[in-house]
Chemist: 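Have a look at this one.
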Amino acid sequence: MEGYDRTMRLGPLNFKHDRSEFDSEPDVFVSSPITRQKAAAAKQFIENHYKNHLQGLQDRKERRRALQRRAQEAKISVEEQEEMLRNLERRETEYMWMQRHKIGIDDFDQLTVIGKGAFGEVRLCRSKSTGEVFAMKKLKKSEMLSRGQVEHVRSERNLLAEVDSRCIVKLHYSFQDSDFLYLIMEYLPGGDIMTLLMREDILSEDVARFYIAESILAIHSIHQHNYVHRDIKPDNLILDRNGHLKLSDFGLCKPLDDKYSTIFLGNEDFNHESASETEDYSASPRLMSKEQFLQWKLLQAYSTVGTLDYMAPEILLKKGYGMECDWWSLGAIMYEMLIGYPPFCSEDPRMTCPEAKDLICHLLCDVDTRLGTRGVEEIKTHPWFRCVPWDMLYEMEAAYRPKVTGDLDTQNFEKFPEVEGPPSSTETVGRWRKMLTSKDTNFIGYTYKKSDLRSLNGSGTDARLNGSSNTPSLISLLGRIDLQETIIPESEKKQES
C-alpha cells in the first residue's frame, strides 16, 4: 500500500500451509554458518536501508517546515515563499541524486603515500570529478580479519561519521571493494606534532599551552560521544595549513556505551544507556549490585592497546579503564613538549614552570586523583590555562604556522618509497546487488557519504535577518544558493498563469 508520502508500506506476509501435505517430512532446517552469516548480513542491510530512508524523509520534512517558519517570521510575500519552496525541492532532488551515486576507488587519482601502518597506508588522492584533494586511508580486509581488528575498524568509521567537530579530522566518504576498506578524509598538510617536536626539540610554554589546549578540546569532543581514543600521541595530532590542531587515527578507539553492538548502524533495540544517563558507579565494584556491576563493566575497556610511551598504567594492569586514560597520554605529550623527551626517561627533569609541573603531576598520576576523571572542566580551570580563550582557540591565529606551498604539498610528512603491488584480479567496483563474499559480510554498512545540506538552510544568514530592518530577499534566507537557480523558468510561468 502506498502512503501519503509516496513511500511503500509493506504489510505482514501471511503464509498458511496445509499441514497434511508435509506430515511425512519433519520440520528440520539445516544451514551452514556461512549461510546464517549471510542471512544476518542481509537482514541488517535491509533494516539499515529502510531506517535511513525514513530518517531522510523526516529530515526533508523538517527542513521544509524550518524554511516555511523562517519565511513567515521574515514576513515575505506568498509568491516569494512558493518560489523558495520550489528552490528547496530542486535542491533536495539534487542532493538525493548525489546520495544515490556510488563512490568507489575509481573516482579518485591515487597520489603520494604520506603514512604507513600495520594494516594499511595513508596516501594523498584527488577527486576526478571536482579536483579536491583528500587523504585516503586504505586498509586490507584480510589483515583486519586475521588480526581480529574488525571491531576497531567499525569503531573508527562510526566515530568519524558520528562526531561532527572542527577539532577532529573530517570524514567525507567511506566505501569498500573486494579487498580493501577506504576512508576518504580531509587532508591536513601541516604535518603532525611529532614532526614539529623533531624540528624544534622543545616548544616554548606559549606554543605548548596552545596545542595542549586544542588537544583538550579535541579529546573532549569524542568523550562527549562516549568514545575513548586509547592512542593519544604526537603522531595523531595533525596540523592544518593554518597551524590549528586536529585529532586523527581512531583505529584503536572504543565506544564505552557499546552503542553499535557488533554492527555499523545500531538498532535501538541493542542500545545501552549512555554514561551521562546512568548512576554514579564510583564505588568499589564489590559493593555494587549485579546490575550496577554489569553497567560499570560496560563502561570499561580491558584490551592492552596504545603506544607504550603514552600509555596509562591502568591499561597495562588490565583491571579496566575508561576515558581518563586519554588524559594521562595528554600529560605525557605535554611533558615531551616542554622537556624534549617522554616522561620517566630521566631522573632529573628540567621543569621550570611550577604551574606546568603541577598540571603534569595531576595528569600523570593514579586515576582517583587524575584531572579529567570527573570532567574536562577541572583541566580547563587549572592555573596554567589561566589566559586561554577556550571559545576562541580555533578563531585566533595559531601559535605556529607550518610551511605549506600548495594543495599537494607533503613536505611536512615523512617520505615513503612507492611499492607497486600486483594488480587485483577481482572486480573493484560492482553493482550493490552482487553476492557478498563471506569476508564482506563482516563490513556491512561501511559505506558513508558526508551530507552537505547546510547551504539549504542558509547557514550564516541569521545575522543578516536580525540585523536588517528591510524585508529579506530570497537570497538572504537561502544563503549560498545562487539567485539564478531560483528564477522560475518561462514554461513554469506559463503553466501558473
Side-chain angles (χ1 to χ4, degrees), residues 148-165 167-169 171 212 214-238 245-262 264 266 271-278 280-282 285 294-334 362-380:
Q149 297 296 310
V150 174
E151 289 298 328
H152 291 164
V153 171
R154 289 172 172 165
S155 296
E156 179 176 27
R157 179 267 182 204
N158 288 335
L159 184 150
L160 288 169
E162 176 184 345
V163 181
D164 184 15
S165 169
C167 305
I168 72 169
V169 63
L171 175 68
I212 291 297
E214 288 198 332
S215 299
I216 290 171
L217 296 181
I219 295 171
H220 179 56
S221 70
I222 67 171
H223 285 183
Q224 286 180 303
H225 291 260
N226 291 319
Y227 285 93
V228 55
H229 190 283
R230 303 198 295 179
D231 196 23
I232 301 292
K233 58 183 179 180
D235 313 63
N236 293 336
L237 303 175
I238 314 295
L245 178 147
K246 296 194 178 187
L247 183 60
S248 70
D249 196 351
F250 303 95
L252 293 179
C253 74
K254 180 179 175 62
L256 290 184
D257 58 3
D258 203 26
K259 68 185 78 177
Y260 293 103
S261 184
T262 58
F264 279 105
N271 284 357
H272 298 274
E273 292 181 343
S274 65
S276 60
E277 298 172 341
T278 58
D280 180 11
Y281 298 136
S282 57
L294 290 175
Q295 182 64 31
W296 174 85
K297 187 174 181 180
L298 178 66
L299 297 178
Q300 308 299 307
Y302 292 85
S303 303
T304 304
V305 297
T307 304
L308 195 58
D309 284 340
Y310 312 98
M311 189 184 299
E314 60 265 25
I315 297 179
L316 296 171
L317 294 174
K318 297 184 178 181
K319 292 184 179 179
Y321 55 90
M323 298 176 185
E324 61 278 352
C325 71
D326 287 339
W327 300 126
W328 171 287
S329 303
L330 186 67
I333 294 173
M334 178 180 169
H362 282 88
L363 291 174
L364 301 180
C365 60
D366 292 337
V367 174
D368 295 338
T369 57
R370 187 179 306 162
L371 291 181
T373 301
R374 289 157 293 278
V376 70
E377 289 301 321
E378 60 183 7
I379 302 179
K380 294 167 70 173

Chemist: Quick one: CD1 on Ile232 to CG on Leu330, what's the gap to the nearest 0.5 Å?
Modeler: 7.5 Å
Chemist: What is the distance from atom NZ of Lys233 to atom CG of Leu308, rounded to the nearest 0.5 Å?
Modeler: 11.5 Å
Chemist: Between Arg370 (side chain only) and Trp327 (backbone N and O only), is there a donor and an acceptor less than 3.5 Å apart?
Modeler: no
Chemist: Check each of Ile212, Ile238, Leu217, Leu237 against Leu245 using the side chain to side chain contact (heavy atoms under 4.5 Å, CB included) test, and report the only one that passes.
Modeler: Leu237
Chemist: Less than 4.5 Å apart, any side-chain heavy atom of Tyr227 and any of Leu256?
Modeler: no
Chemist: Tell me, do His362 and Ile379 make a side-chain contact under 4.5 Å, heavy atoms counted?
Modeler: no
Chemist: For the residue pair Cys325 and Val228, establish whether any side-chain heavy-atom pair is separated by less than 4.5 Å.
Modeler: yes
Chemist: His229 and side chain to side chain contact (heavy atoms under 4.5 Å, CB included): which single residue from Ile219, Leu247, Leu252 fits?
Modeler: Leu247
Chemist: I need the Phe250 CZ to Asn158 CG distance, nearest 0.5 Å.
Modeler: 13.0 Å
Chemist: Roughly how far, to the nearest 0.5 Å, is the CG atom of Asp326 from the OH atom of Tyr310?
Modeler: 14.5 Å
Chemist: So, does Ser248 use its side chain to make a donor-acceptor pair with the main chain of Asn236 at under 3.5 Å?
Modeler: yes
Chemist: Between Asp231 and Asp249 (side chain of the first, backbone of the second, donor and acceptor by atom type, cut-off under 3.5 Å), is there such a pair?
Modeler: no
Chemist: Mind checking the CZ-OG1 spacing from Arg374 to Thr369? Nearest 0.5 Å is all I need.
Modeler: 7.5 Å
Chemist: Met311 versus Leu316: any side-chain heavy-atom pair under 4.5 Å?
Modeler: yes
Chemist: Are the side chain of Glu314 and the backbone N or O of Tyr321 linked by a donor-acceptor pair below 3.5 Å?
Modeler: no
Chemist: Side chains of Val376 and His223: does their closest heavy-atom pair fall under 4.5 Å?
Modeler: no
Chemist: With rounding to the nearest 0.5 Å, note down the distance linking NZ in Lys254 to CZ in Arg154.
Modeler: 12.5 Å
Chemist: Could you please spell out the steps behind the side-chain contact (heavy atoms from CB on, under 4.5 Å) verdict for His225 and Leu159?
Modeler: CA-CA 8 Å; His225 291 260; Leu159 184 150; over 6 Å; no
Chemist: Determine whether Ile222 and Cys253 make a side-chain contact, defined as any pair of heavy atoms from C-beta on separated by less than 4.5 Å.
Modeler: no
Chemist: Is Glu378 reaching over with its side chain to a backbone N or O of Thr373, donor-acceptor style, under 3.5 angstrom?
Modeler: yes
Chemist: Is the shortest heavy-atom distance from the side chain of Ser221 to the side chain of Ile168 under 4.5 Å?
Modeler: yes
